[in-house]
A.B. asks: 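The following block contains the structure, expressed as structure tokens.
The first residue in the sequence is number 1, and the count goes up from there.
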Amino acid sequence: MIELHNLSKRFGDNTIFSGIDLSISQGEIVVIIGPSGTGKSTLLRCINFLETANTGHLTIDGIHVETPVATKKEILAIRRKTGFVFQNYALFAHMTTRQNIAEGLITVKGWQKQAANDKAQQILDDIGLGDKGDSYPAALSGGQQQRVGIGRAMALEAELLLFDEPTSALDPEWVGEVLNLMKMLATRNQTMLVVTHEMQFAREVADRVIFMADGEFVEQGSPEAIFANPQDPRLKKFLRQVGIQ
């Protein structure tokens, strides 16, 4: 479904990550954990071409792209196959929740406005915010805003949803409602690649957990293998720091 091969990213002389290979099957939920500043979020941004990788290629649902020389047409094709959920919601403040969800359908998929608004309302109903269609982001809690952000990604019916620490900007009382929505998506066979510090979510929902440190994939396996039987010293140290070991 999705293949990354030899992806690397540099900013000037600073190498963020290098030699990243990853294969994700249809319906698989892969969670990336690791220390801050190790390139996890940048990797997600490179998959969606919010950043451009310096080397490597990727394939999503049959679309193959050489990342450093990707054309605008190829980038648009990849973005049509992916949805991105940002840690800071990234909603348009001047648009209602319904408009925020409909906008991608109009601009990316070319839907007519009425059809897009109807679909957006269906999504709002689905995520438990059906009565908030005419509300603006400022009138919503952080958890509600992030659910709208997820709803926006859901509306595109993307092959792959990318979550960049979706709960990191939330107050504790709002984290649960966002994680519950992600768990609902998991029951629908939605392919997801999630960067998160929520270890319990990784344990409960992930099919595979990847520990990333020092710009590389250090260890990966089932949640049971990663959390109960870690092998690499860096992973053991990380788990101790987050209170797992």
Side-chain angles (χ1 to χ4, degrees), residues 1 26-31 44 48 50 61 76 79-198 200-207:
M1 208 296 287
Q26 175 67 41
E28 188 177 14
I29 299 166
V30 178
V31 173
L44 260 59
N48 201 43
L50 295 170
D61 196 33
L76 180 59
R79 287 178 174 167
R80 284 175 171 160
K81 296 292 184 180
T82 58
F84 203 104
V85 178
F86 299 86
Q87 56 183 292
N88 62 348
Y89 327 137
L91 301 179
F92 296 109
H94 66 287
M95 292 184 178
T96 65
T97 59
R98 188 184 299 108
Q99 290 170 331
N100 264 282
I101 293 174
E103 182 67 13
L105 293 170
I106 296 168
T107 59
V108 176
K109 291 204 167 186
W111 285 33
Q112 295 297 313
K113 184 177 180 180
Q114 187 57 56
N117 282 331
D118 290 345
K119 177 67 173 181
Q121 186 59 51
Q122 290 177 17
I123 294 290
L124 287 167
D125 292 340
D126 197 19
I127 64 177
L129 294 174
D131 61 338
K132 302 294 186 182
D134 294 321
S135 299
Y136 289 88
L140 304 179
S141 72
Q144 289 172 331
Q145 289 186 60
Q146 189 60 293
R147 282 157 63 191
V148 173
I150 295 172
R152 178 176 56 189
M154 290 169 57
L156 297 175
E157 298 180 343
E159 296 294 327
L160 173 68
L161 289 187
L162 303 165
F163 292 83
D164 181 16
E165 300 190 17
T167 61
S168 65
L170 297 177
D171 289 337
E173 64 265 29
W174 297 329
V175 170
E177 63 186 78
V178 172
L179 294 180
N180 286 337
L181 177 54
M182 294 173 68
K183 290 175 183 177
M184 182 190 76
L185 290 176
T187 67
R188 299 181 178 182
N189 206 38
Q190 172 66 59
T191 311
M192 294 190 278
L193 180 59
V194 183
V195 169
T196 186
H197 291 293
E198 296 289 341
Q200 192 60 36
F201 174 83
R203 277 179 147 168
E204 292 178 4
V205 179
D207 297 303

A.B. asks: Below 4.5 Å, heavy atoms only, C-beta onward: do Val194 and Phe201 meet side chain to side chain?
C.D. replies: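 They are in contact (side-chain heavy atoms under 4.5 Å apart), so the answer is yes.
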A.B. asks: Go through the structure and list residues passing side chain to side chain contact (heavy atoms under 4.5 Å, CB included) with Gln122, not counting sequence neighbours.
C.D. replies: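 If we apply the side chain to side chain contact (heavy atoms under 4.5 Å, CB included) test to Gln122, skipping adjacent residues, the hits are Lys119.
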A.B. asks: How long is the span from the CZ atom in Phe163 to the CD1 atom in Ile29, to the nearest 0.5 Å?
C.D. replies: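 Nearest 0.5 Å value for the CZ-CD1 distance: 9.0 Å.
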A.B. asks: Given 3.5 Å as the limit, does a donor-acceptor pair link the side chain of Gln121 with the main chain of Gly130, or not?
C.D. replies: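 Such a contact is found between Gln121 side chain and Gly130 backbone.
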A.B. asks: Taking Pro166's backbone N and O only, do any of them form a donor-acceptor pair with Gln146's side chain (distance below 3.5 Å, no angle check)?
C.D. replies: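 Yes, Gln146 side chain to Pro166 backbone: donor-acceptor pair under 3.5 Å.
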A.B. asks: Side chains of Met182 and Ile150: closer than 4.5 Å at any heavy-atom pair?
C.D. replies: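 Yes, close enough: below the 4.5 Å cut-off.
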A.B. asks: With sequence neighbours left out, what residues match Asp125 under salt bridge (charged side-chain N to carboxylate O under 4.0 Å, His left out)?
C.D. replies: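 By the salt bridge (charged side-chain N to carboxylate O under 4.0 Å, His left out) rule, Asp125 matches no residue at all.
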A.B. asks: Quick check against the 3.5 Å criterion: does Ser141 have a side-chain atom that pairs as donor or acceptor with the backbone of Gln144?
C.D. replies: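 A pair under 3.5 Å: yes.
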A.B. asks: Return the minimal non-hydrogen interatomic distance between Pro137 and Asn100, and the atom names on each side.
C.D. replies: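 Heavy-atom minimum between the residues: CG-ND2, 4.0 Å.
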A.B. asks: If every non-hydrogen atom of Leu170 is compared with every non-hydrogen atom of Gly143, which pair is closest and at what distance?
C.D. replies: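 Nearest heavy atoms, Leu170 then Gly143: CD2-N, 3.7 Å.
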A.B. asks: Taking side chain to side chain donor-acceptor pair (under 3.5 Å) as the test, write out the residues that go with Ser168, two or more places apart.
C.D. replies: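 Listed in chain order: Gln87.
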A.B. asks: With sequence neighbours excluded, give me every side chain to side chain donor-acceptor pair (under 3.5 Å) pair touching residues 181-190.
C.D. replies: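 Residue pairs with at least one partner in residues 181-190: Asp126-Arg188, Lys183-Glu204.
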A.B. asks: Before giving the answer on side-chain contact (heavy atoms from CB on, under 4.5 Å), spell out for Leu179 and Glu198 the whole-Å C-alpha distance, their side-chain angles and the decisive distance to 0.1 Å.
C.D. replies: CA-CA 9 Å; Leu179 294 180; Glu198 296 289 341; 4.1 Å; yes
A.B. asks: Work out which heavy atom in Ala120 is nearest to a heavy atom in Ala102; give both atom names and the distance.
C.D. replies: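 Heavy atoms only, the tightest pair is CB-N, 3.9 Å.
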A.B. asks: Roughly how far, to the nearest 0.5 Å, is the OG1 atom of Thr96 from the OH atom of Tyr136?
C.D. replies: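 Between atom OH of Tyr136 and atom OG1 of Thr96 there are 6.0 Å.
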A.B. asks: Applying salt bridge (charged side-chain N to carboxylate O under 4.0 Å, His left out), name anything that partners Arg152, two or more places apart in sequence or on another chain.
C.D. replies: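 Listed in chain order: nothing, the list is empty.
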A.B. asks: In chain order, what residues pass the side chain to side chain contact (heavy atoms under 4.5 Å, CB included) check against Asp171, with sequence neighbours excluded?
C.D. replies: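 With sequence neighbours excluded, Asp171 shows a side chain to side chain contact (heavy atoms under 4.5 Å, CB included) to Glu173, Trp174, given in chain and number order.
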A.B. asks: For a side-chain contact (heavy atoms from CB on, under 4.5 Å) check, start with the C-alpha distance between Met154 and Ile127, then their side-chain angles and the critical distance, and finish with the verdict.
C.D. replies: CA-CA 10 Å; Met154 290 169 57; Ile127 64 177; 3.9 Å; yes
A.B. asks: Just to verify, what does Leu76 make a side chain to side chain contact (heavy atoms under 4.5 Å, CB included) with, not counting sequence neighbours?
C.D. replies: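 Once residues adjacent in sequence are excluded, the partners of Leu76 under the side chain to side chain contact (heavy atoms under 4.5 Å, CB included) criterion are Arg80.
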A.B. asks: Within the 4.5 Å heavy-atom criterion, are Leu91 and Gln99 side-chain neighbours or not?
C.D. replies: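 No, their side chains stay 4.5 Å or more apart.
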A.B. asks: Who pairs with Glu177 by salt bridge (charged side-chain N to carboxylate O under 4.0 Å, His left out), at least two apart in sequence or on another chain?
C.D. replies: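 Glu177 satisfies salt bridge (charged side-chain N to carboxylate O under 4.0 Å, His left out) with Arg147 only.
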A.B. asks: For Leu161 and Thr191, what are the C-alpha separation, side-chain angles and deciding distance, and is it a side-chain contact (heavy atoms from CB on, under 4.5 Å)?
C.D. replies: CA-CA 6 Å; Leu161 289 187; Thr191 311; over 6 Å; no
A.B. asks: At their closest point, which heavy atom of Gln145 faces which heavy atom of Leu140, and how far apart are they?
C.D. replies: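 Where Gln145 meets Leu140 most closely, the heavy atoms are NE2-O, 3.4 Å.
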A.B. asks: Could you pull out all residues at least two apart from Glu165 that satisfy salt bridge (charged side-chain N to carboxylate O under 4.0 Å, His left out)?
C.D. replies: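 Applying salt bridge (charged side-chain N to carboxylate O under 4.0 Å, His left out) to Glu165 gives none.
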A.B. asks: With a 4.5 Å cut-off on side-chain heavy atoms, are Ile101 and Leu124 touching?
C.D. replies: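 Result yes, sub-4.5 Å side-chain heavy-atom pair found.
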A.B. asks: For Lys109, does the NZ atom have more than 12 heavy-atom neighbours from other residues, nucleotides or ligands under 6.0 Å away?
C.D. replies: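 For Lys109, atom NZ is crowded (more than 12 foreign heavy atoms under 6.0 Å).
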A.B. asks: Looking only at heavy atoms, which two atoms of Leu162 and Leu44 are closest? And how far apart?
C.D. replies: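 For Leu162 versus Leu44, the nearest heavy atoms are CD1-O, 3.9 Å.
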A.B. asks: Suppose we screen for side chain to side chain contact (heavy atoms under 4.5 Å, CB included). Which residues come up paired with Asp118, at least two apart in sequence or across chains?
C.D. replies: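 Asp118 satisfies side chain to side chain contact (heavy atoms under 4.5 Å, CB included) with Gln114 once adjacent residues are dropped.
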A.B. asks: What residues form a ring-ring contact (aromatic ring centres under 6.0 Å, His included) with Phe86, not counting sequence neighbours?
C.D. replies: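 With neighbours one apart ignored, the set is Phe84.
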A.B. asks: Do you know the tightest heavy-atom contact between Ala206 and Val31?
C.D. replies: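 Closest heavy-atom pair between Ala206 and Val31: CB-CG2, 3.6 Å.
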A.B. asks: Which residues pass the side chain to side chain donor-acceptor pair (under 3.5 Å) test with Asn48, sequence neighbours left out?
C.D. replies: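 With neighbours one apart ignored, the set is Thr82.
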A.B. asks: Could you give me the CA-CA distance, side-chain angles and deciding distance for Leu160 and Leu193, then say whether side-chain contact (heavy atoms from CB on, under 4.5 Å) is met?
C.D. replies: CA-CA 7 Å; Leu160 173 68; Leu193 180 59; 4.3 Å; yes
